[in-house]
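Lettering of chains follows the sequences in order, A, B, ..., and the numbering in each one begins at 1.
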2 protein chains.
Amino acid sequence: MPANRRPQDRQEKRAEIVDAAEQLFVDVGFEDTPMARIAAAAGVTTTTIYWYFDDKDALLVAVLDQVLASALREHAAAGEQPWDEQLLWVITRLRRLHRLVSVVHARVSSSPVVNDWHDRFHALADINLAEGFRAAGVREQDLPAATRIAVFVIEGLLTHTHDEQTARDIVRLLGALT
Amino acid sequence: MPANRRPQDRQEKRAEIVDAAEQLFVDVGFEDTPMARIAAAAGVTTTTIYWYFDDKDALLVAVLDQVLASALREHAAAGEQPWDEQLLWVITRLRRLHRLVSVVHARVSSSPVVNDWHDRFHALADINLAEGFRAAGVREQDLPAATRIAVFVIEGLLTHTHDEQTARDIVRLLGALT
DNA sequence: ACCTGAACACCGTTCAAGT
DNA sequence: ACCTGAACACCGTTCAAGT
C-alpha cells in the first residue's frame with residue numbers, strides 16, 4: 001500500500017465506476033449490461049466493483065443519485081420559466097433516461113435499496129411539483145392529486161414514445177387543472 | 001405417440017403452463033421466477049416449455065394476452081357505469097398486476113415481442129379511453145392528449161402505492177379535463 | 001409430435017490470496 | 001486498504017436421444 005495514497009483516490013475510482021455504469025445503464029440498459037462490461041469500461045476488474053458497492057442494485061442507486069443531482073443542477077441553471085415550459089424542459093431533458101425510469105420501477109419490488117431511492121425520489125418530486133402548482137394557482141386541497149397526476153404523466157411521457165406536438169398538447173391540457 | 005391424442009391436448013397443456021406462469025409472474029415477478037419454477041408448478045420439465053414457447057418473453061406475452069382478455073371480459077360484465085367509477089374499477093381491479101406493468105415497460109426495449117404487445121395494448125387502451133372521454137364531452141381536438149394522460153395516470157397508480165382516497169381525488173381531478 | 005436429462009453459455013457474486 | 005484470478009451458484013436455452 002503506497003504511503004501517499006490520497007483519500008480522494010477512493011472517490012475518484014468510485015466516480016469512474018459510476019460514470020461507466022451511468023453511460024451503459026442509460027444507453028444499453030441495466031439488465032443488458034453485465035458487471036464485466038462496466039468494469040472493462042471503468043478500467044478495473046469485475047470484483048473490484050464489489051469493493052466499492054454492495055451489489056449491482058447499489059451501483060444503480062449511485063448512478064440514480066448522480067443523474068438526479070445533475071438534472072437538479074441543470075434545472076436550477078435554466079432559471080425561472082413559466083410552468084408549462086418547465087414541464088416540457090424536464091420531459092425533453094430526461095427523455096434519454098427512460099431506461100432508468102423503467103428499471104427503477106421494475107426493481108422496486110425486488111431491491112430494498114432501489115425501493116428506498118424510489119420513495120425518496122417521489123418525496124422530492126412531490127415537493128417541487130407541488131410548489132409549482134401552488135404558484136400556478138391550484139387550490140390547496142387539490143395539490144396532492146394534481147402533483148401525482150403530473151408525476152405520472154411525466155413518467156409516462158418518458159417511458160413511451162411520442163412526438164413533440166403530443167407532449168405540448170398534453171402539457172397544455174394539464175394546465176386546465178390549475 | 002398415442003393414437004388417441006386429441007388436438008386440444010396441446011392447448012390444455014399450453015394453458016396449464018400459462019396459468020402457472022401467470023400466477024408466478026403476478027405474485028412473484030417475471031425476473032424473480034425461474035423457468036424451472038414455472039415448469040414445476042405446471043407439472044412439466046423446463047425444456048418442455050420450450051416446445052410450446054420460443055422463450056421466456058413469448059411466455060410473458062401469452063400471460064399478458066390471457067390477463068388482458070380476462071380483464072376485458074370482467075369489465076364488459078361490470079356493465080355501464082359512470083366515467084369515474086369505471087376508472088376506479090380499473091385501478092382497483094388491476095392493482096395486483098403492477099408487476100406485469102413494470103416488467104412490460106422494462107422489457108420493451110430488449111424484447112421485440114414484448115414491444116409489439118405493448119404497442120398493441122396501448123392502441124387498444126387508447127380506443128377505449130377515447131370513447132369514454134368523447135362520451136363524457138371532451139372536445140374532439142383534446143381527445144388524444146386526454147387519453148394519454150388517463151393512460152399514464154392509470155399506469156402510475158398501478159405501479160405506485162397509494163391509498164384509496166388519493167385514487168379518488170386523482171380521478172375526480174381528472175374529471176376537470178372533461 | 002412431444003418430451004426429457006444432460007450440457008452449454010452467461011452472469012452476479014464470493015473468496016482465498018496477493019500487495 | 002485495496003485489488004485480483006479462480007471458482008461458485010444460478011438461470012435461460014439448446015440438443016441429442018428417447019417415445
Checklist entry - What's the CG-P distance between Leu59(A) and dG12(C), to the nearest Å? => result 11 Å
Next on the checklist: I need the CD1-C1' distance between Ile49(B) and dT13(D), as an integer number of Å.
Outcome noted: 12 Å
Item to check | Reading 5' to 3' through nucleotides 4-10 of chain D, protein heavy-atom contacts under 4.0 Å coded B for base, S for sugar-phosphate only, - for none | outcome: BBB----
Next on the checklist: So that I can compare with my own list, what are the stems of DNA chain D, taken as at least three consecutive Watson-Crick or G-U pairs with distances under 3.5 Å?
Outcome noted: C:4-8 with D:12-16, C:12-16 with D:4-8
Next on the checklist: One pair to check against side-chain contact (heavy atoms from CB on, under 4.5 Å): Arg93(A) and His75(A). What are the steps and the verdict?
Outcome noted: CA-CA 9 Å; Arg93(A) 163 67 173 80; His75(A) 183 249; over 6 Å; no
Item to check | Heavy-atom pair of closest approach, residues Val114(A) and Val104(A) | outcome: CG1-O, 3.7 Å
Checklist entry - Between atom OH in Tyr52(B) and atom P in dA1(C), what is the gap in whole Å? => result 13 Å
Checklist entry - Roughly how many Å is it from CZ in Arg37(B) to P in dC11(D), rounded to a whole number? => result 10 Å
Checklist entry - Atom CZ of Phe53(A) to atom P of dT13(C): distance rounded to whole Å? => result 13 Å
Checklist entry - How far apart are the closest heavy atoms of Lys56(A) and Phe30(A), and which atoms are they? => result NZ-O, 2.9 Å
Checklist entry - Taking atom P of dT14(C) as reference, at what distance in whole Å does atom CG of Asp54(A) sit? => result 9 Å
Checklist entry - Asp55(A) CG to dT13(C) P: how many Å, rounded? => result 5 Å
Checklist entry - Do any pairs count as a salt bridge (charged side-chain N to carboxylate O under 4.0 Å, His left out) and have a residue in residues 99-108 of chain B, sequence neighbours left out, and if so which ones? => result Asp57(B)-Arg107(B)
Checklist entry - Glu31(A) has an atom CD; how far is it from atom C1' of dC11(D), in whole Å? => result 13 Å
